[in-house]
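We're numbering straight along the sequence, starting at 1. When a ligand or atom number is given, it counts from 1 through the structure's own listing order.
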Amino acid sequence: MQVTDLYVSAPGKAILHGEHAVVHGKVALAVSLNLRTYLRLKADTFGKVCINLPNIDTFLSWDLSQLKQLVTYFHGKRDEVQCLDAELVRRLREFIGVSNGSLDTCSMATLSFLYLYLSLFGSGELPSLTLTVWSELPTGAGLGSSAAYSVCLAAALLCASGAIPPPLKEWEHTARWCQEELELINSWAFQGEMIIHGNPSGVDNAVGTWGGMLRFLAGKIIPLSRVPLLRILLTNTKVPRSTKVLVAGVKDKINKFPSIMVPVLDSVDAISCTCEKVLSEMTCEPITGEHYNILEELIDINQHHLNVMGVGHPALDRLCQVTLAKGLHSKLTGAGGGGCGITLLRPETDSLMVQSTVQELKDCGFDCWETSIGGPGVQQHSAISVKEEILEILNYY
Ligand SMILES: Nc1ncnc2c1ncn2[C@@H]1O[C@H](COP(=O)(O)OP(=O)(O)OP(=O)(O)O)[C@@H](O)[C@H]1O
Ligand SMILES: C[C@@](O)(CCO)CC(=O)[O-]
Ligand SMILES: [Mg+2]
């Protein structure tokens, strides 16, 4: 089977409010970032499947004959994807030699690729292909790198399998899929997330698929079209952590102290709803200092709640202290335990103040940058629409 070459990309995300609570059926507000993961899929004729993941130093290849042995029992279902095929996951773990509890970056990325590849092609002829992924996002830092990776894999492999068409016309530079196709991409990306995260809510892959700002509640995705332009500072504490471990830790705490933790989750839910209301008011009436005061207070309260859930870290406390000394308010974003935080900048915060805050955070050993939000969801690219330095990496392998 011969597949068509293609380039796709998907954005990372920042969660404004609702991380962790969203896993337990509460509202989350999330927004895409203008930092993306790019994937190149190239058809080959060597009878091999190769993956190049330079961000995580992973370069692997398998003979099609090896992979075929894994699918002897398998009848792929491309349009019915509610839960993982436990037997396929077990075989793949055995095949790549990874135990159930492993958090190894390379194993998780490999497992999710092989799972999607075999699920989508396993019922027919396996195609020979090379897949290269490069991301502008820090890996495992709370900005949805796993979801952007899974969304790119799902879009590229669904296209290659013929389940969805490549949307790009000859004369276009970028193109997106229709709603129904996006839903299919999102549901397969969720499978990839399940392998990496264990128990994902689905909010991260939804942002990677649709982009923009959205409200997510129990699998229901509502795009928020009327939102004010927010200025956000992103800080990566560079403390490594695993979303899977942190999500499992919060679940344990809820099971151990339900009467203490459930009200905390309810309070986070109320924070997300209040934030959504304020953001919507800011688009239909003149923006005042009071709107920003409320947004800042919500950030502070939520950061305390996340500490109560056990997903804080001294480096995140440091971020909050440094920014508060400048009158700015921060919270962790994503799974916490280290990784990234967001700081809300007010419209009147001048660039000198931003620069000195960034410098102080860098002096703590953190990476820090002002970011723009609301990038488009998953899309196909022509080669010339991919930034030159990224194209060079994707085409190197
Ligand atoms: N560029 C990439 N190339 C290959 N694998 C990646 C890449 N980015 C992420 N991954 C996979 O995703 C895993 C990190 O996922 P994890 O969910 O822990 O962090 P995150 O998605 O960055 O943060 P969060 O889920 O809190 O937003 C890595 O261990 C790796 O398996
Ligand atoms: C921590 C979490 O809520 C967000 C991770 O970005 C996990 C999830 O929703 O799957
Ligand atoms: Mg993740």
Side-chain angles (χ1 to χ4, degrees), residues 9-33 35-39 51-60 96 98 102-115 131-153 189-190 192-208 216-219 234 236 238-251 265 268 272 302 306 309-311 332-342 390 393-394:
S9 75
K13 63 95 227 291
I15 296 191
L16 297 183
H17 290 293
E19 47 274 272
H20 290 289
V22 67
V23 176
H24 304 279
K26 309 296 178 192
V27 173
L29 294 182
V31 64
S32 61
L33 298 173
L35 293 172
R36 304 180 75 83
T37 296
Y38 291 81
L39 178 153
I51 53 168
N52 302 304
L53 309 174
N55 293 109
I56 58 166
D57 267 328
T58 298
F59 306 91
L60 295 168
I96 62 172
V98 57
S102 169
L103 299 168
D104 170 56
T105 305
C106 158
S107 307
M108 291 303 106
T110 307
L111 203 58
S112 50
F113 163 71
L114 284 176
Y115 184 87
L131 200 138
T132 304
V133 177
W134 175 256
S135 187
E136 299 171 315
L137 294 159
T139 304
L143 301 184
S145 72
S146 62
Y149 173 69
S150 299
V151 171
C152 284
L153 284 182
F190 184 63
E193 278 284 85
M194 276 203 263
I195 290 179
I196 296 172
H197 274 200
N199 182 26
S201 63
V203 63
D204 293 1
N205 48 283
V207 181
F216 186 96
L217 173 64
L234 266 181
N236 185 359
K238 297 198 238 169
V239 175
R241 39 30 112 241
S242 152
T243 301
K244 187 173 184 173
V245 170
L246 290 152
V247 167
V250 172
K251 187 164 182 236
L265 300 178
V268 171
S272 296
N302 197 358
L306 288 158
M309 289 182 215
V311 298
L332 68 85
T333 187
C340 289
I342 50 173
I390 293 174
I393 298 168
L394 294 178

(request) Identify, for atom 22 (O) of ligand 1, the protein heavy atom at the shortest distance, and state residue, atom and that distance. (result) S145 OG, 2.7 Å
(message) Test your reading of the structure: does K244 have an N or O sitting under 3.5 Å from an N or O of ligand 1?
(response) no
(request) Considering the heavy atoms of A141, write down every atom of ligand 1 situated less than 4.0 Å from one of them. (result) 22 (O)
(request) Output yes when a side-chain donor or acceptor of R241 lies under 3.5 Å from a complementary backbone atom of G140, and no otherwise. (result) yes
(request) Measure the distance from atom 4 (C) of ligand 2 to every protein heavy atom, then report the residue, atom name and distance (to 0.1 Å) of the closest one. (result) I15 CD1, 3.7 Å
(request) Go through ligand 2 atom by atom and flag the ones less than 4.0 Å from a non-hydrogen atom of V22. (result) 3 (O), 9 (O)
(request) For the Mg ion (ligand 3), decide whether S145 has an N, O or S atom at a distance under 2.8 Å. (result) no
(message) Test your reading of the model: is there a side-chain donor-acceptor pair from S9 to the backbone of R36, 3.5 Å cut-off?
(response) no
(message) Give the atom numbers and elements of ligand 2 that come within less than 4.0 Å of a heavy atom of V23.
(response) 3 (O), 7 (C), 8 (C), 9 (O)
(message) Quick check: D204 and ligand 2, any N/O pair under 3.5 Å apart?
(response) yes
(request) Specify the closest pair of heavy atoms between L265 and H24, including all atoms of both residues, with the distance to one decimal. (result) CD1-CB, 3.8 Å
(message) Give me the nearest non-hydrogen protein atom to atom 31 (O) of ligand 1 as residue plus atom name, then the distance to 0.1 Å.
(response) T105 O, 2.8 Å
(message) Checking the N or O distance criterion of under 3.5 Å, is ligand 1 in contact with T37?
(response) no
(message) Testing D104, I51, I195, I56 one by one against T110 for a side-chain contact (heavy atoms from CB on, under 4.5 Å), which residue passes?
(response) I51
(message) For atom 26 (O) of ligand 1, what is the closest protein heavy atom, and at what distance to 0.1 Å?
(response) R241 NH2, 2.6 Å
(message) Under a 4.0 angstrom heavy-atom cut-off, which atoms of ligand 1 come close to S135?
(response) 1 (N)
(message) Determine whether a donor-acceptor pair (N or O, by modelled atom type, separation under 3.5 Å) exists between the side chain of D204 and the backbone of A147.
(response) no
(request) Could you find the nearest protein heavy atom to atom 6 (C) of ligand 1 and give me its residue, atom name and distance? (result) Y149 CG, 4.1 Å
(message) Can you report which non-hydrogen protein atom sits closest to atom 10 (N) of ligand 1, along with the distance?
(response) T139 CG2, 4.1 Å
(message) Any side-chain to backbone donor/acceptor pair from Y38 onto I390? Under 3.5 Å, distance only.
(response) no
(message) I'd like to know whether ligand 2 has K13 as a neighbour, heavy-atom separation below 4.0 Å.
(response) yes
(message) For the 3.5 Å polar cut-off, considering only N or O atoms, please tell me whether A147 and ligand 1 meet it.
(response) no
(message) Among all protein heavy atoms in this structure, tell me which lies nearest to atom 19 (O) of ligand 1, with the distance rounded to 0.1 Å.
(response) G140 CA, 3.2 Å
(message) Students should be able to answer this: which protein heavy-atom is nearest to atom 9 (O) of ligand 2, and at what distance?
(response) S201 OG, 2.6 Å
(message) Can you report which non-hydrogen protein atom sits closest to atom 13 (C) of ligand 1, along with the distance?
(response) I196 CG2, 3.8 Å
(request) Looking only at distances, please establish whether an N/O atom of ligand 1 is found under 3.5 Å from an N/O atom of G334. (result) no
(request) To the nearest 10 degrees, calculate the angle at the Mg ion (ligand 3) involving NE2 of H197 and OG of S146. (result) 90°
(request) Could you tell me which non-hydrogen atom of G25 sits nearest to which non-hydrogen atom of L217, and how far apart they are? (result) O-CD1, 3.2 Å
(message) Below 3.5 Å, N or O to N or O, backbone or side chain included: is there any such pair between G142 and ligand 1?
(response) yes
(request) May I ask you to identify the nearest protein heavy atom to atom 2 (C) of ligand 2, giving residue, atom name and distance to one decimal place in Å? (result) H20 N, 3.9 Å
(message) Determine whether N302 and L16 satisfy the following criterion, side-chain contact (heavy atoms from CB on, under 4.5 Å), listing intermediate values before the conclusion.
(response) CA-CA 10 Å; N302 197 358; L16 297 183; over 6 Å; no
(message) Polar contacts were defined as any N/O atom of the residue lying under 3.5 Å from an N/O atom of the ligand; does this apply to N55 and ligand 1?
(response) yes
(message) Evaluate S146 for polar contact with ligand 1, using N/O atom pairs at a separation under 3.5 Å.
(response) yes
(message) With a cutoff of 4.0 Å, is K13 in contact with ligand 1, counting heavy atoms of the residue only?
(response) yes
(request) Show which atoms of ligand 2 fall inside a sub-4.0 Å distance from at least one heavy-atom site of E19. (result) 3 (O)
(message) T243 versus ligand 1: do any nitrogen or oxygen atoms come within less than 3.5 Å of each other?
(response) yes
(message) Is the contact between S112 and ligand 1 made by the side chain, the backbone, both, or neither, using heavy atoms and a 4.0 Å cut-off?
(response) neither
(message) Tell me the protein heavy atom at minimum distance from atom 5 (N) of ligand 1, and give that distance in Å.
(response) A109 CB, 3.4 Å
(request) Could you tell me whether A335 and ligand 1 have an N or O pair separated by under 3.5 Å? (result) yes
(request) Please confirm whether H197 comes within less than 3.5 Å of ligand 1 when only nitrogen or oxygen atoms on both sides are compared. (result) yes
(message) Heavy atoms only, cut-off 4.0 Å: how does L143 contact ligand 1, side chain, backbone, both, or neither?
(response) backbone
(request) Provide the number and element of each atom of ligand 2 under 4.0 Å from a heavy atom of G334. (result) 6 (O)
(message) Applying a heavy-atom cut-off of 4.0 Å, say which part of L246 lies close to ligand 2: side chain, backbone, both or neither.
(response) neither
(request) Write down the atom of M309, the atom of V268, and the distance for their closest heavy-atom approach. (result) CE-CG2, 3.7 Å
(message) Would the distance check show the side chain of K26 and the main-chain N or O of A218 forming a donor-acceptor pair, the cut-off being under 3.5 Å?
(response) no
(request) List every atom of ligand 2 that sits less than 4.0 Å from any heavy atom of P200, numbering the atoms from 1 in the order shown and giving each element. (result) 10 (O)
(request) Could you see which bit of I56 sits under 4.0 Å from ligand 1, with heavy atoms only: side chain, backbone, both or neither? (result) side chain
(message) Show the nearest heavy-atom pair for residues A109 and L53, with the distance to one decimal.
(response) CB-CD1, 3.8 Å
